[in-house]
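Structure, as structure tokens:
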Amino acid sequence: MKMVGIPKTAVREAYIANRRARAMGKYQLSITSPDLNSQAYRSFRLGKDLHQAILHNQFVLYYQPRVDAKTFEVVSGEALLRWQHPEFGMVSPAEFIPLAEATGLIVKLGEWVIEQVLLAYQSWQTITCENFTLSLNVSGEQLINFGFQDRVDALFSRAGIDRQAIEFEITESLFTDRHDQFQTTIHSLQVQGNRIALDDFGTGFSSLSRLKDLPCEVLKIDRSFVLHISIREDDRIIVEAVIKLAHALGMTVVAEGVETIEQLRLLQEVDCDGIQGYLFSRPVPAEQFEQILLGKKITIG
């Protein structure tokens, strides 16, 4: 029967909604729209293209400097993964990392990141300050993957780099599930000499109770606490308390998301060790980061 007066797009949308509802089971309601379909297409394409992206070198690392809070000397750099997709342009890690974890490609992608960071450190060794480190993020799926430790050992052995030069950043949320598995892997990395940083501290549900159990050398205070530190007394008190506690436990403290001189001044007053944020630099390509390293320090204002 021919449907009169109904646009073809509406028929197509209804068909898609019907298929989706049937896939969900009986008595289910599915709503569709061109926007939702566009998002679904984008997710489908990104998931489909992930493997080819690794093969075709579409991933690139940007680096954001971390500076000493008092001297502004560049003491570390965080490697941040970006995907230059041929159709969608620069894709955020928040979008493609969950897809990589779901498809199992996070392991291969994570090894690529480690390898590239080691190569970068080799090339910058002669222009960096003493005890300079590079940090990179590792996901829970990487940490519990069978053979992860052996592959990391092999990469470091091949590169011939001091393990203390590379810092693995983990998020607090990892320790809400499978705590023992993660802690075993992290302890193994530390035994070999790697530093561990606890990233986004303060965003989880068990921060203080877990802190004594987490074998970390560096604690990174989440930007959500830094954002209003100059206008909210509660945030300033929390940041100061966390810094004192971390120092008492032998940890170095880094504040993330620092964007203003006032935020910097207050963090200096409460003895924060390191600063990372747009006030000093956004994440930049490797070539630009090298120029920052050549300058040794970053001037502001």
Side-chain angles (χ1 to χ4, degrees), residues 40 42-62 78-85 88 90-118 134-156 158-159 163 166-207 210 213-220 222 256 283:
R42 180 181 172 95
S43 294
F44 169 77
R45 275 295 307 276
L46 292 178
K48 181 176 178 292
D49 294 346
L50 263 173
H51 183 70
Q52 292 299 316
I54 298 174
L55 294 177
H56 295 156
N57 296 316
Q58 293 174 5
F59 288 101
V60 63
L61 289 178
Y62 277 45
E78 180 180 357
L80 299 163
L81 188 61
R82 300 289 185 264
W83 181 5
Q84 185 64 54
H85 192 278
F88 302 121
M90 198 67 80
V91 181
S92 166
E95 193 171 7
F96 68 78
I97 291 297
L99 293 172
E101 290 179 335
T103 58
L105 287 173
I106 190 65
V107 175
K108 187 172 184 179
L109 185 55
E111 288 181 23
W112 180 85
V113 171
I114 296 172
E115 188 172 21
Q116 295 304 307
V117 168
L118 290 174
L134 284 178
S135 68
L136 57 96
N137 295 276
V138 290
S139 73
E141 296 301 319
Q142 287 176 265
L143 289 173
I144 63 173
N145 182 264
F146 180 77
F148 172 74
Q149 180 69 56
D150 291 338
R151 289 190 292 271
V152 170
D153 291 345
L155 288 171
F156 273 93
R158 189 159 62 242
R163 299 285 289 249
I166 305 299
E167 188 176 281
F168 289 103
E169 296 195 13
I170 61 173
T171 58
E172 182 186 350
S173 59
L174 290 182
F175 290 84
T176 57
D177 298 311
R178 296 181 288 189
H179 175 86
D180 292 340
Q181 288 178 271
F182 292 129
Q183 194 157 12
T184 298
T185 304
I186 289 167
H187 179 68
S188 296
L189 290 170
Q190 287 179 306
V191 168
Q192 295 298 321
N194 290 113
R195 290 160 54 88
I196 302 297
L198 183 60
D199 197 15
D200 300 333
F201 182 77
T203 58
F205 294 104
S206 58
S207 302
R210 286 294 190 191
D213 299 324
L214 300 179
C216 300
E217 286 75 31
V218 179
L219 185 148
K220 302 185 76 173
D222 187 70
E256 297 183 290

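Counting from 1, the numbers follow the sequence of the chain as shown.
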Starting at CZ of R195, measure out to SG of C216 and round the result to the nearest 0.5 Å. 11.0 Å
As an exercise, state the distance from CD1 of I166 to CD1 of I114, rounded to the nearest 0.5 Å. 9.5 Å
Let me know which of E169, H187, E217 forms a side-chain contact (heavy atoms from CB on, under 4.5 Å) with I196. E217
Rounding to 0.5 Å, atoms CD1 (I170) and CD1 (I186) come to a distance of 3.5 Å
Report the C-alpha separation of Q142 and L109 in whole Å, then their side-chain angles, then the decisive distance to 0.1 Å, and conclude whether the side chain to side chain contact (heavy atoms under 4.5 Å, CB included) test is met. CA-CA 10 Å; Q142 287 176 265; L109 185 55; over 6 Å; no
Quick one: CZ on F59 to CG on L50, what's the gap to the nearest 0.5 Å? 5.0 Å
What is the ring orientation for F168 with F148, classed by angle as parallel under 30°, tilted 30 to 60°, or perpendicular over 60°? perpendicular
Plane angle bin for W83 and F96 - parallel if under 30°, tilted between 30 and 60°, otherwise perpendicular: perpendicular
For a side chain to side chain contact (heavy atoms under 4.5 Å, CB included) check, start with the C-alpha distance between I106 and I97, then their side-chain angles and the critical distance, and finish with the verdict. CA-CA 7 Å; I106 190 65; I97 291 297; 4.0 Å; yes
Out of curiosity, D153 CG to Q192 CD, how far, rounded to the nearest 0.5 Å? 5.0 Å
Show the numbers, then the answer: is there a side chain to side chain contact (heavy atoms under 4.5 Å, CB included) between L61 and W112? CA-CA 10 Å; L61 289 178; W112 180 85; 4.2 Å; yes
Looking at E167 and K220, does any basic side-chain N land under 4.0 Å from a carboxylate oxygen? no
Distance in Å, D199 CG paired with N137 CG, rounded so as to fall on 0.5 Å steps: 5.5 Å
Would you please name every residue forming a side-chain contact (heavy atoms from CB on, under 4.5 Å) with E95, sequence neighbours left out? R42, L46, V91
For N145, enumerate each residue passing the side-chain contact (heavy atoms from CB on, under 4.5 Å) test, keeping only those at least two apart in sequence or located in another chain. V107, R151
